[in-house]
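Note sheet for the following structure.
Atoms within a ligand are numbered from 1 in the order they appear, just like the ligands themselves.
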Amino acid sequence: MTVLYLVIGIVVLAAIIAVGLVTTGRRRGTPPPRVDTQAPARAPARDVPVAEPESAAPEAPAAPVPTLERPEDPASRLVRLRQRLAGAQGGFGRGLLALLSRERLDEDTWEAIEDTLLTADVGVAPTQQLVERLRTRLRVDGKEAADPRGVLRDELLQLVGPDLDRRLQISGSDGRPGVVLVVGVNGTGKTTLVGKLARILVAENRSVVLGAADTFRAAAVEQLTTWGERVGVDVVRGPEGSDPASVAFQAVQEGIDRAADTVVVDTAGRLQNKAGLMDELGKVKRVIEKQAPVTEVLLVLDATTGQNGLVQARVFSEIVDVTGIVLTKLDGSAKGGIVVAVQRELGVPVKLVGLGEGADDLAPFDPGAFVDALLG
Ligand code: GDP
């Protein structure tokens, strides 16, 4: 009898060890999770708390129920942000208007107009062009007859380019997602832009996957994960320091697998080594395009950096085909003229503007609203 118990005991012990070995082996063989599956793939009603699974064990402690945020509608945010734009840019536009409204437009006044434009980072060539146009129109029309505000509005609008195609290319073809590659120097607001853009897309009921390919900054990956979780968007990430191209590849793969509408890929922007950056971004783009074409390359520039932003624009445009510019921190800069300068520099339109640190403080760039804000 004792022998029987002994045998049964040994058999049970052996079974326990065997089960233990198998599960440990599986854990070892499991690659690190690529996707933050805490967030649901698609959140149908985004302000509705996510239901807990019915099969949850009754004795398990109740997990906090994540509430998804409903991002602000892009149309209404423009109205709200217009005032912020006016606040930051008023000095430049209103200064011009005050000068043009003077009794006599003498040479000193024209010089002051020129200085105002240059100080606002409009750039030399566009400034000269604008001053010439204003001189002609106000002279030909006759100062008394002309409406300085109307003429200035008209000419500023022409300078900003009312007819440029500023639509984001966020849709793919052949059942594949659109792929937006976001590039720019660190600190310009690139990761924030990816998060805010995801919210705009979610507000438009698009399904989105984010790729955290700025793998050199753990903080950037964490930051993006939080942005994603808030609106129920998956963030594909790799271990710190891993190959950015591999994360980008996985993100697009995930987008294809989930039949997502758009994949947005964040990248690292270390300018110290241009050759290195070129290699890295080139590889990211090549690897993505093994699966789906990149439909939009957004270059993020900090509006407060002026000429420095133009230098960055030049470098990045040599590395990748930039298709749209995002100007961030326009709320903190009175130098809105950079919109004109950077579009001239790259021959590419400004498509989005960042107007604050709030989650929905990003808006499509609207030339008319911009010029109206300039003029106060
Ligand atoms: P990255 O290094 O380029 O990825 O930059 P981050 O996305 O981390 O942003 C750098 C800082 O800029 C953060 O403190 C952001 O909150 C801030 N930022 C980004 N966009 C804007 C904007 O449009 N306005 C303001 N005021 N701050 C912004």
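Residue-ligand proximity: Thr188 is placed with a non-hydrogen atom under 4.0 Å from ligand 1. At least one heavy atom of Gly356 sits under 4.0 Å from some atom of ligand 1. Between Gly187 and ligand 1 there is a heavy-atom distance shorter than 4.0 Å. Heavy-atom separations between Val353 and ligand 1 are all 4.0 Å or longer.
Between the Gln250 side chain and the Arg237 main chain, no donor and acceptor come within less than 3.5 Å of each other. Looking at Arg176, its side chain does come within 3.5 Å of a backbone N or O of Gln291 through a donor-acceptor pair.
Distances below 4.0 Å separate heavy atoms of Gly189 from the following atoms of ligand 1: 1 (P), 3 (O), 5 (O), 6 (P), 7 (O), 9 (O), 19 (C). Ligand-side atoms of ligand 1 in range of Leu355: 23 (O), range being under 4.0 angstrom from any heavy atom. Listed by number with element, the atoms of ligand 1 under 4.0 Å from a non-hydrogen atom of Thr191 are 1 (P), 4 (O), 7 (O). Interface atoms of ligand 1 facing Asn186, defined by a heavy-atom separation under 4.0 Å, are 2 (O), 3 (O). Heavy-atom contacts of Arg217 reach the following atoms of ligand 1: 1 (P), 2 (O), 4 (O) (cutoff under 4.0 Å).
Taking the side-chain hydrogen bond (donor to acceptor under 3.5 Å, both in side chains) definition, one finds that Glu240 meets it with nothing, sequence neighbours left out.
Residues Ser101 and Arg149 have side chains that never bring a donor and an acceptor to within less than 3.5 angstrom of each other.
Contact between Ser207 and Ala259 at its shortest, heavy atoms only, is OG-O, 4.0 Å.
Here the straight-line distance linking atom NZ of Lys351 with atom CD1 of Ile325 works out to 9.5 Å at 0.5 Å rounding. Atom CG of Leu100 sits about 10.5 Å away from atom CD of Glu155, to the nearest 0.5 Å. In this structure, NZ on Lys329 lies 4.0 Å from CG on Asp302, to the nearest 0.5 angstrom.
If you check which protein heavy atom lies closest to atom 6 (P) of ligand 1, you get Thr192 OG1, 3.4 Å. From the protein, the heavy atom lying nearest to atom 8 (O) of ligand 1 is Gln223 NE2, 3.3 Å. Summary of contacts: the protein heavy atom closest to atom 26 (N) of ligand 1 is Asp331 OD2, 2.9 Å.
Residue contacts with ligand 1, taken as heavy atom pairs separated by less than 4.0 Å, involve Val185 solely via the backbone atoms N, CA, C and O.
Taking distance alone, with nitrogen or oxygen atoms compared against 3.5 Å, Asp361 stays at or beyond that limit from ligand 1.
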For residues 368-376, dump all side-chain donor-acceptor pairs below 3.5 Å to protein atoms at least two apart in sequence or in another chain.
from	atom 1	to	atom 2	distance (Å)
Asp372	OD1	Arg153	NE	2.7
Asp372	OD1	Arg153	NH2	3.3
Asp372	OD2	Arg153	NH2	3.3

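At least one side-chain heavy atom of Asp266 sits less than 4.5 Å from a side-chain heavy atom of Leu224.
With distances taken over non-hydrogen atoms, the option nearest atom 12 (O) of ligand 1 out of Lys329, Glu357, Arg84, Lys196 is Lys329.
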